[in-house]
Student: 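Below you will find the structure I want to go over with you.
Scope of the values below: all heavy atoms of this structure, side chains included, with no hydrogens, waters or symmetry mates.
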Amino acid sequence: MTEHTERPLALSTRRVAVYVPNDDSRLAANQRAAMQRYADNMNWTVTVIDDDRQRLLDGAAASAFDLVLCWRTGDLRDAEFLFERLSAHGVELLALAQSCAALSE
């Protein structure tokens, strides 16, 4: 008989940018808060909260973060272009509302 001991999973510390390109300030504030809570629960460090795409791309090029949280890719102008540019710098894109069905808007 082999004894199985479980090791606790180490939470990864990631540097995260929160990207909310929404013109509706109330909706944007709610999305920002939900993404901040998600990052906190995942033990991630939010380094950037921005609504400017060019500054986001500049941050990716400067390795300021390794993951970008957005609400939905449908909210992003030129989502495919953004995904390609982020990927070129080794930065992942996570659309939180599309990834977590349990989150309410």
Student: Taking side chain as C-beta onward, heavy atoms only, is L67 less than 4.5 Å from V91?
Tutor: no
Student: Quick one: CZ on R55 to CG on L57, what's the gap to the nearest 0.5 Å?
Tutor: 11.5 Å
Student: For atom CD of E80, is the number of surrounding heavy atoms from other residues, nucleotides or ligands below 6.0 Å larger than 12?
Tutor: no
Student: Rounded at 0.5 Å granularity, tell me how far CG in L69 sits from CD in Q31.
Tutor: 12.0 Å
Student: Can you check whether V18 reaches F65 side chain to side chain, under 4.5 Å on heavy atoms?
Tutor: no
Student: If the test is side-chain hydrogen bond (donor to acceptor under 3.5 Å, both in side chains), which one of D50, D58, D52 qualifies with Q54?
Tutor: D58
Student: Would you say the side chain of L94 lies within less than 4.5 Å of the side chain of C70, judging by non-hydrogen atoms?
Tutor: no
Student: For the atom pair CD (Q36) and CD1 (I49), what is the distance rounded to the nearest 0.5 Å?
Tutor: 5.0 Å
Student: What's the separation between atom OG1 in T73 and atom CG in L82, rounded to the nearest 0.5 Å?
Tutor: 10.0 Å
Student: What salt bridge (Lys or Arg N to Asp or Glu O under 4.0 Å) pairs are there with at least one residue in residues 85-94, not counting sequence neighbours?
Tutor: R14-E92
Student: Mind checking whether V16 and L93 sit in one hydrophobic cluster, side chains of I, L, V, M, F, W, Y counted as touching below 4.5 Å?
Tutor: no
Student: Which pair of heavy atoms, one from A34 and one from L96, lies closest together, and at what distance?
Tutor: O-CD2, 4.3 Å
Student: Do D78 side-chain atoms and F81 backbone N/O form a donor-acceptor pair below 3.5 Å?
Tutor: no
Student: Evaluate the criterion ring pair (Phe, Tyr, Trp, His ring centres under 6.0 Å) for residue pair Y19 and W71; output intermediate values, then yes/no.
Tutor: CA-CA 8 Å; Y19 181 51; W71 195 247; over 10 Å; no
Student: Calculate, to the nearest 0.5 Å, the distance between atoms CE and CG belonging to M35 and D40 respectively.
Tutor: 12.5 Å
Student: Nearest 0.5 Å, what's the OG1-CG distance between T45 and D66?
Tutor: 9.5 Å
Student: If you look at every heavy atom in A39 and V46, which pair is closest and at what distance?
Tutor: CB-CG2, 3.6 Å
Student: Looking only at heavy atoms, which two atoms of V20 and D51 are closest? And how far apart?
Tutor: O-CB, 3.2 Å
